Amino acid sequence: MRRPYPLHIHISTLFLTLIVAVCAVLAGIGYRLSSSLLESSAAGLTSRISREALLEMRLIIDPAQMATRLLSQQGVSTARSLVQRLESLQFLRLALDSSPALSSLYVGYDNGDFFLLGRIGHGSAGESARAPGGARYVVQSIERTTPVPRGVFMYLDDRLRLLRQDDRPDYVTAYDPRLRPWFTQARNVAGLVETPPYLFFSSQRVGTTLAHAADDGRAVVAADILLHTLGEALARQKVTPATAVAMVNGEGRVLAYEQPERMVLGPAADDERASLAQLNELGVPALVPVLDAVRNMEGRQTATLAVTAAGKEWRASVDRLLLEGAVPLYIVTAIPEDELLAGALRLARHSAFATVLVLLLTVPLTWWLAHAVSRSLASLADEAEAIRHFEFVRPIVLDSSIKEVSELAQTMDGMKRTIRRFVDISQAVAAEQNFDRLLPRLLSDTLTTSGAHAGILYLAEGNELQPAAALQQSEQAGGAGLANVAIERGGPLLGTALAAREARSGRLRPEDCAALGLTGPEWMQSRYAIAVPLLNRNSELVGAMMLFGDSATDAGRLSFVKALSASAAVSLESKALIKAQKDLFEAFIQLIAAAIDAKSPYTGGHCARVPELTRMLADAACAADSGPYRDFRLSEDDREALHVAAWLHDCGKVTTPEYVVDKATKLETIHDRIHEVRMRFEVLKRDAEIDCLRAVAGGDDPAAAHRRLLAAWQQLDDDFAFVARCNEGGESMAQHDIDRLRTIGARTWLRTLDDRIGIAREERVRKVPQTVALPVVEALLADKPEHIVPRQEQDQMPENNRWGFRMRVPQALYNRGELYNLCVGRGTLTDEERYKINEHIVQTLIMLSQLPFPKHLRQVPEIAGGHHEKMDGSGYPRRLRRDDMSPLARMMAIADIFEALTAVDRPYKAGKTLSAALGIMSRMQQEEHVDGELFALFLRAGVHLEYARKFMQPEQIDDVDVEGLLARLESPPAVA
């Protein structure tokens with residue numbers, strides 16, 4: 001063995017000094033250079049932009065100022081008519097073309113006259129649209145000294161040739177130069193007047209106006225200057241692609257920007273004029289915080305600030321333009337720091353490269369020194385990773401020269417074995433779904449862990465501990481022969497553990513055996529025991545374990561048993577709760593099924609028999625070792641889903657009216673209306689007798705009259721007997737019987753009482769709203785309007801419903817017409833009533849689909865809702881075909897049909913014999929109504945006979961030619 005040394009001796013001289021020093025120096029140099037570069041670059045660039053903007057503005061304004069001064073000395077300022085003023089047109093054009101920023105030159109006279117030369121396209125969009133093709137200039141003139149004041153617009157080409165002249169009388173009244181601010185200011189100020197930049201009303205562009213009074217003081221010469229080119233000049237000053245530059249006034253309104261369309265805001269709802277956008281309305285996030293800095297300049301020449309916008313850091317500045325005039329203008333600049341510091345970033349990359357180079361030079365040396373001491377740590381790290389992934393295959397074996405590492409390896413190996421044992425037990429307990437099998441499994445695993453040879457598991461029930469499982473030498477002994485233990489009298493060892501609420505170990509005394517009722521020699525041979533209380537999450541006692549052994553338990557084993565018991569108690573509680581929930585759910589299922597069966601005395605037991613028959617068929621499929629179902633298997637979860645679905649397959653019948661389900665005769669609703677019909681026949685018989693007595697009283701032969709009476713009575717008796725037979729229902733109804741019913745129904749009787757009183761409001765609403773004078777003659781059998789119960793909105797079935805139901809819905813909810821019901825061809829149900837009964841499966845699917853079934857029961861609605869579907873897609877409610885249905889749903893369809901055929905509790909038919917029922921189902925298979933493979937299995941496995949012996953009457957069980965039926969299944973159906 002090599003002598004181990006502490007780990008810090010091997011690592012104390014590595015890495016830190018050289019790497020930390022180099023990195024610190026490089027980081028400091030990079031930081032200082034970057035900061036200095038940021039400050040100098042931002043200041044220099046913004047100063048340059050301001051100078052360039054000022055120069056650009058001077059280049060725009062100075063030529064205009066010169067043109068305005070010269071024009072004030074030109075003859076146009078003293079001209080008195082339009083003709084005289086047009087003589088200066090060539091001079092005006094030369095002055096206008098001297099500066100691209102000049103929009104127009106004009107003169108206002110003290111008599112109200114006005115003369116302007118402007119560029120086409122610099123005015124409003126409406127005026128530009130009026131100009132003829134090829135027009136470049138426009139002359140606007142107002143003459144007020146003529147007999148009739150005259151306004152004229154003259155459109156000229158680039159050679160000043162007149163293209164068109166428009167008279168504008170309204171122009172004279174709409175515009176007076178003497179009222180404009182530039183006119184009044186220029187006459188009151190000596191020299192040139194310059195207005196602050198503003199938004200021109202006509203063109204919606206930013207500009208300024210220059211004005212100068214003529215020498216004689218009778219006219220004022222002015223020029224409009226557009227500053228849109230200033231925005232283009234600012235765009236050229238951008239130092240980086242994302243730089244934002246704008247010129248603003250003291251209010252923060254934008255006067256120049258590279259995108260002019262953003263500068264102008266549309267007119268507000270209460271203002272017909274557009275306005276200039278402020279910095280925060282320009283759509284540039286980096287300029288929004290600068291607005292406050294502009295408003296707070298207070299005479300300062302420059303201001304800088306740091307801005308965070310759009311996830312980036314910006315350097316912003318505000319610089320005042322040194323222009324003549326009282327209104328201050330500012331250049332606002334915002335530059336992204338990452339673009340501004342491109343050079344600094346390159347320097348940082350160079351520094352990083354130098355750092356990496358230093359690391360590359362030092363890493364080999366330090367790696368060589370540390371490799372010897374890191375190998376053992378790497379091995380332990382691998383072992384820790386294996387433990388993290390619950391891999392316990394190999395033990396930890398490590399021989400290290402580091403003392404701490406060796407000790408850590410031994411500790412991790414012990415931890416690994418303990419975790420493995422604990423995980424194995426926990427997984428085994430958690431995997432067991434059956435509560436009754438869980439108890440001995442839990443006890444067996446605990447015995448193996450604790451080294452005990454026998455044990456008893458108790459469950460707490462009230463103030464007692466009831467033995468639930470017992471094991472001896474890993475063989476189940478059962479707890480039936482053991483006595484219940486009172487919690488307060490559990491003996492010295494168990495009583496101490498229960499009082500302390502934690503596991504206790506010690507020698508087993510006779511008092512312990514007496515308290516626990518351990519009288520057999522197999523228990524008395526144990527000398528030591530561990531008493532383990534089982535507590536749930538709320539520290540409540542749910543059970544206890546007694547573990548018996550031949551030797552005392554050390555502290556480590558007892559500690560492990562304590563930890564294991566805590567996990568076992570939680571698992572026990574969880575499984576017990578799950579079992580209780582399942583038992584409660586099962587009770588609710590059977591309660592609902594029993595309620596459905598109890599609802600009708602004619603269908604009692606149906607919901608209980610179908611699950612049994614379905615289970616029998618499923619067991620036969622699982623047991624098949626050949627044929628299509630040789631590989632068919634059902635898990636415990638699948639069986640539970642089938643069980644629940646079978647019990648709930650008719651839960652929708654709770655919505656079906658009893659008088660429809662139990663309808664034994666055609667005229668039966670809540671009561672059998674044959675009694676009403678009988679009373680009408682009785683009335684007719686009384687009427688015949690009264691007619692006979694009246695004839696005798698009138699002088700007719702009494703004997704002849706009596707014979708006519710007897711003949712009428714006989715006919716009425718025969719007719720009623722026929723109606724009564726029709727009311728009973730049957731397999732079919734001939735057309736001549738229907739014709740006779742209509743003939744009988746056409747007879748009349750006299751009603752003398754009002755049939756609108758004493759009835760329900762709903763029936764009164766359905767009656768035809770008309771008053772009939774009494775007495776009234778009525779048909780003996782009739783289909784009246786009040787017999788039709790309309791289908792309400794909630795009874796409709798949308799065509800594209802989310803459940804996929806595809807059933808033909810009768811127009812009426814019920815049709816209780818007497819002739820309509822008596823003419824039913826088969827059975828006793830009308831189409832409306834048959835739909836109402838069939839609708840139970842619709843309600844079943846809707847109700848079950850709304851239940852939050854757990855994952856393993858998600859198939860329940862599909863299994864329960866398919867027992868009326870047919871393999872050829874002609875069933876209901878969704879017209880599924882065989883391939884659309886699961887095998888379990890097809891099994892339930894066979895079970896439901898067979899039970900219905902053989903049941904003896906139906907009001908409209910007797911139960912079929914075994915052979916008759918199977919014959920009918922064989923024909924149904926030929927017609928693809930049931931699954932042929934499952935029906936063959938139903939016959940071969942003898943499921944039909946097993947069910948018959950358990951549920952059918954002895955007289956129903958007759959001989960069945962199974963081979964003949966199977967032969968019919970294998971042969972193709974005959975073609976009609």
Side-chain angles (χ1 to χ4, degrees), residues 427-428 430-434 436-437 582 609-649 845 848 853-873 875 878-899 918 921-922 924-950 960 962-973:
Q427 288 178 344
E432 184 57 67
Q433 299 295 324
N434 189 293
D436 295 330
R437 292 197 299 264
K582 286 187 175 182
R609 292 191 291 267
V610 169
E612 276 294 304
L613 183 53
T614 306
R615 180 193 59 78
M616 293 176 186
L617 184 53
D619 288 343
C622 292
D625 55 6
S626 63
Y629 287 88
R630 60 183 177 274
D631 298 325
F632 182 80
R633 296 294 181 269
L634 287 179
S635 65
E636 290 293 331
D637 290 343
D638 294 333
R639 288 186 178 276
E640 184 179 1
L642 179 63
H643 175 77
V644 172
W647 275 96
L648 293 177
H649 78 283
L845 276 166
L848 293 181
F853 284 111
K855 183 177 181 180
H856 70 286
L857 297 181
R858 299 280 171 80
Q859 280 184 283
V860 167
E862 187 268 337
I863 298 172
H867 62 277
H868 286 299
E869 301 288 356
K870 297 178 182 179
M871 303 305 102
D872 62 353
R878 294 185 289 183
R879 297 184 184 177
L880 300 178
R881 303 185 70 86
R882 180 186 186 277
D883 294 339
D884 299 327
M885 303 170 62
S886 66
L888 297 180
R890 302 198 297 268
M891 290 178 189
M892 183 168 292
I894 290 178
D896 188 75
I897 294 171
F898 186 75
E899 192 284 331
L918 292 175
M921 293 190 68
S922 177
M924 295 177 69
Q925 186 277 330
Q926 291 282 310
E927 297 169 355
E928 294 190 79
H929 289 179
V930 296
D931 189 337
E933 294 176 351
L934 279 174
F935 185 57
L937 178 66
F938 185 77
L939 294 172
R940 287 195 180 97
V943 177
H944 63 288
L945 194 56
E946 180 185 359
Y947 175 82
R949 290 168 179 168
K950 189 172 183 179
V960 178
V962 174
E963 294 303 323
L965 292 174
L966 290 174
R968 289 175 57 186
L969 292 179
E970 296 172 358
S971 62

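Throughout, residue positions are numbered sequentially from 1 according to the sequence presented. Given the structure is predicted, the values throughout are model-derived calculations rather than measurements.
- At least one side-chain heavy atom of H868 sits under 4.5 Å from a side-chain heavy atom of D896.
- In this structure, M891 and L934 have side chains that are in contact, with non-hydrogen atoms separated by less than 4.5 Å.
- No donor-acceptor pair under 3.5 Å is formed between the side chain of E946 and the backbone N or O of M616.
- Considering CD1 of I894 and NE2 of H867, their distance stands at 13.5 Å, rounded to 0.5 Å.
- Using bins of under 30°, 30° to 60° and over 60° for the plane-to-plane angle, the ring pair H944/F938 lands in the tilted bin.
- Inter-residue side-chain proximity for V962 and L945 is flagged as unmet; no heavy-atom pair is nearer than 4.5 Å.
- At a threshold of 4.5 Å between non-hydrogen side-chain atoms, the residues Q859 and D638 count as touching.
- In this structure, NE2 in H643 is found 10.5 Å from CG in L857, a value given to the nearest 0.5 Å.
- In this structure the side chain of R882 reaches within 4.5 angstrom of the side chain of E933, judged on heavy atoms.
- Evaluation of the salt bridge (charged side-chain N to carboxylate O under 4.0 Å, His left out) rule for R639 yields D619 as partners, not counting sequence neighbours.
- Within the 4.5 Å cutoff, no side-chain heavy atoms of R615 are placed close to those of L642.
- Between K950 and R609 the shortest side-chain heavy-atom distance does not fall below 4.5 Å.
- Remark: the backbone N or O of V930 is not paired with any side-chain donor or acceptor of R890 at under 3.5 angstrom.
- In this structure a side-chain-to-backbone donor-acceptor pair under 3.5 Å is present from D884 to R881.
- Legend: residues meeting ring-ring contact (aromatic ring centres under 6.0 Å, His included) with F935, ordered by chain and number and at least two apart, are absent.
- Residues L937 and A624 approach most closely at CD1-CB, 4.3 Å, considering heavy atoms.
- Among residues two or more places apart in sequence or in another chain, the ring-ring contact (aromatic ring centres under 6.0 Å, His included) test is passed with H929 by none.
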